[in-house]
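First comes the structure, then the notes that go with it.
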2 protein chains.
Amino acid sequence: MATGIADRDVRLGRACLNCSGQFDDLFCACVMKVLNGEHCIRRFEPGAVIAMEGLKAPFLGSIVKGVVCQEISLADGRVQGVTLLSPPDVIGNPLHDNSRYTVTALSEVEVFCISANAFGKLLYDLPLFRLRFLEMKLSDLERARNWLTVLGRRSSTERLAYLVVRVAQKIGFSTPGNGTADLFVHLPITRERIGAFLGMTMETVSREFTHLERKGVLSARGSRVIKIFDYRRLETIAGIDDDGGTID
Amino acid sequence: MATGIADRDVRLGRACLNCSGQFDDLFCACVMKVLNGEHCIRRFEPGAVIAMEGLKAPFLGSIVKGVVCQEISLADGRVQGVTLLSPPDVIGNPLHDNSRYTVTALSEVEVFCISANAFGKLLYDLPLFRLRFLEMKLSDLERARNWLTVLGRRSSTERLAYLVVRVAQKIGFSTPGNGTADLFVHLPITRERIGAFLGMTMETVSREFTHLERKGVLSARGSRVIKIFDYRRLETIAGIDDDGGTID
DNA sequence: CGTAGAATTGATATATATCAAGCCTAGTGG
DNA sequence: CCACTAGGCTTGATATATATCAATTCTACG
């Protein structure tokens, strides 16, 4: 990459080279020094509602541990899943007092929290932090727009395949425990929530799992741990090809 | 708003108070001074393809005049509309050399263009510019996520109503010319492209215009200039209520 | 082992896509 | 100035994907 930013200080982005990153690569030791103790760690149990759409956001923070989901609700109760967050994703928007999303812990979660003021200070004082945050938000934007193609233009099988691949990329594969080489992905959400992300019903999600199973791509029967037999094929169905040209 | 950023220098965001904004509120006179002549204006005819998805982006720039659309294509030719751009929206991503979208001029368009290096310099040197850009991208992100609810959870009538309201908000109402008080919105896109934005076919778009017409909400017969009889009702159908709680 | 929530499966309904025809409308050239 | 044309729009008939409603069945957990 030879962009203007890259030429200057993009090395400082993904992981701060000036320090051994404490907590994670957003709040590294350099950032912590400027922050000077103005922070706290909050913990949430699985299922805990961290923020409510439209209400005052309780804090700004970066996830240290666990998985979180953000959803938007319509007036009549319809729900659209928006993002799955994992470390070091940011919860909250420094430009808004109110949360735009309902934010729910999907596992045991820890968040490194700072005040909006402290966040503003970091953004203002630290080129490194500012760049890293901009980088995160630009890639959030790209992912959200790619997701539009999923909801607008893909069939239910394609959508489900897309979600499984993205979850695998985001949360990683699980190790089976027994010494086999099989690929497992743990989906941290119910079929209903999968449906909320994919704009379809729980029943259709279930049926599409069955279809993918009959095709020999994966197995998910009644469980949230998915065994993947043919990851390449799954990527193809999803319309994702990370080995070559970026299709999505 | 009493966020950390607002406390500091958000006044400089939406319109620079230090200068009389030349061109627009992104490239104000202050920015121009730092830029020191390193820019050019590019013009495009309606229908011109400004950038192609996956190929090297020709420039970074801010729209000065006209309307532009960004679309994502799938391998098999399906197209998803992503954004409608109008002044002073930014074309291009300072962190990528390649365009993520196919970018098309919908009218006569002028773009204030600078090099990626110059863009990086502005981002680095000018807190004002940097904040404004972050602000733009955070609101792009919010709009993209709200659009997810449109594609994932709304019926075709609701989707169409949503699009009309958003276009009206973005591009503004047209004045009828004759002295009537009627509201007109000029849609800068064909039914097919409307469909690409809404994840539906041209035919369904057309049918839903007819439905809205039968309901007495608007009239669009065969034309891109839409007459709106009941804007409030349109907003209600769209699930947008800008006079009160933010629903979308 | 029993229970409750989650997941699957089936039958049917419905919204939207697809295919196909015809109709407007703006722009062109005689 | 008017008829012609091409692209865009509308409308209809039909097909199809997905939703909805309704039982079971599975799984994790007490």
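So that the names make sense, note that chain A is the first sequence line, chain B the second, and so on, each numbered from 1. Since the structure is predicted, the reported quantities are computational estimates derived from the model, not experimental observations.
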message: The test is side chain to side chain contact (heavy atoms under 4.5 Å, CB included); show your working for A:R100 and A:E53 and say whether it passes.
response: CA-CA 5 Å; A:R100 254 52 177 169; A:E53 192 178 347; 5.9 Å; no

- request: Respond yes when some side-chain nitrogen or oxygen of B:T210 is under 4.0 Å from OP1 or OP2 of D:dT11, and no when none is.
  value: yes

Between [X] (side chain only) and [Y] (backbone N and O only), is there a donor and an acceptor less than 3.5 Å apart?
X      : Y      : answer
B:Q80  : B:A196 : yes
B:R224 : B:L187 : no
B:T204 : B:M200 : no

Identify whether any heavy atom of [X] sits under 4.0 Å from a base atom; if not, whether one sits that close to sugar-phosphate; answer base, sugar-phosphate or nothing.
X      : answer
B:R224 : sugar-phosphate
B:T201 : base
A:S206 : base
B:S156 : sugar-phosphate
A:G199 : sugar-phosphate

Can you tell me how far [atom2] of [N] sits from [atom1] of [X], to the nearest Å?
X      : N      : atom1 : atom2 : value
A:E192 : D:dA19 : CD    : P     : 13 Å
B:L151 : C:dA17 : CG    : P     : 12 Å
B:R159 : C:dA15 : CZ    : P     : 13 Å
A:R193 : C:dA6  : CZ    : C1'   : 13 Å
A:H211 : C:dT8  : NE2   : P     : 12 Å
B:F209 : C:dC24 : CZ    : C1'   : 16 Å
B:I189 : D:dC9  : CD1   : C1'   : 14 Å
A:M200 : C:dA7  : CE    : P     : 13 Å

- line: Walking DNA chain C from its 5' end, the first of A:G222 and A:R153 to be reached, judged by nearest nucleotide, is A:G222

Closest to the [X] side chain, choosing from [options]:
X      : options                : value
A:M202 : C:dT8, C:dT16, D:dT20  : C:dT8
B:R221 : C:dA17, D:dT10, D:dT20 : D:dT10
B:E203 : D:dT11, D:dG8, C:dT16  : D:dT11

message: Let's test your reading of the model: under 3.5 Å, does the base of C:dG10 pair with the side chain of A:R207 as donor and acceptor?
response: yes

message: Taking donor-acceptor contacts at under 3.5 Å, does the side chain of A:R191 reach the base of C:dG5?
response: no

- request: Might you work through the side chain to side chain donor-acceptor pair (under 3.5 Å) test for B:S139 and B:R143, ending with a clear yes or no?
  value: CA-CA 6 Å; B:S139 87; B:R143 257 178 287 117; 3.1 Å; yes

Closest-nucleotide 5' rank along DNA chain D - winner of A:V205 and A:S223: A:V205

Upstream residue (5' side of DNA chain D) when B:T190 and B:R214 are each assigned their closest nucleotide: B:T190

query: Cation-pi between B:R233 and B:Y231: NZ/CZ under 6.0 Å from ring centre and within 45° of the ring axis?
result: no

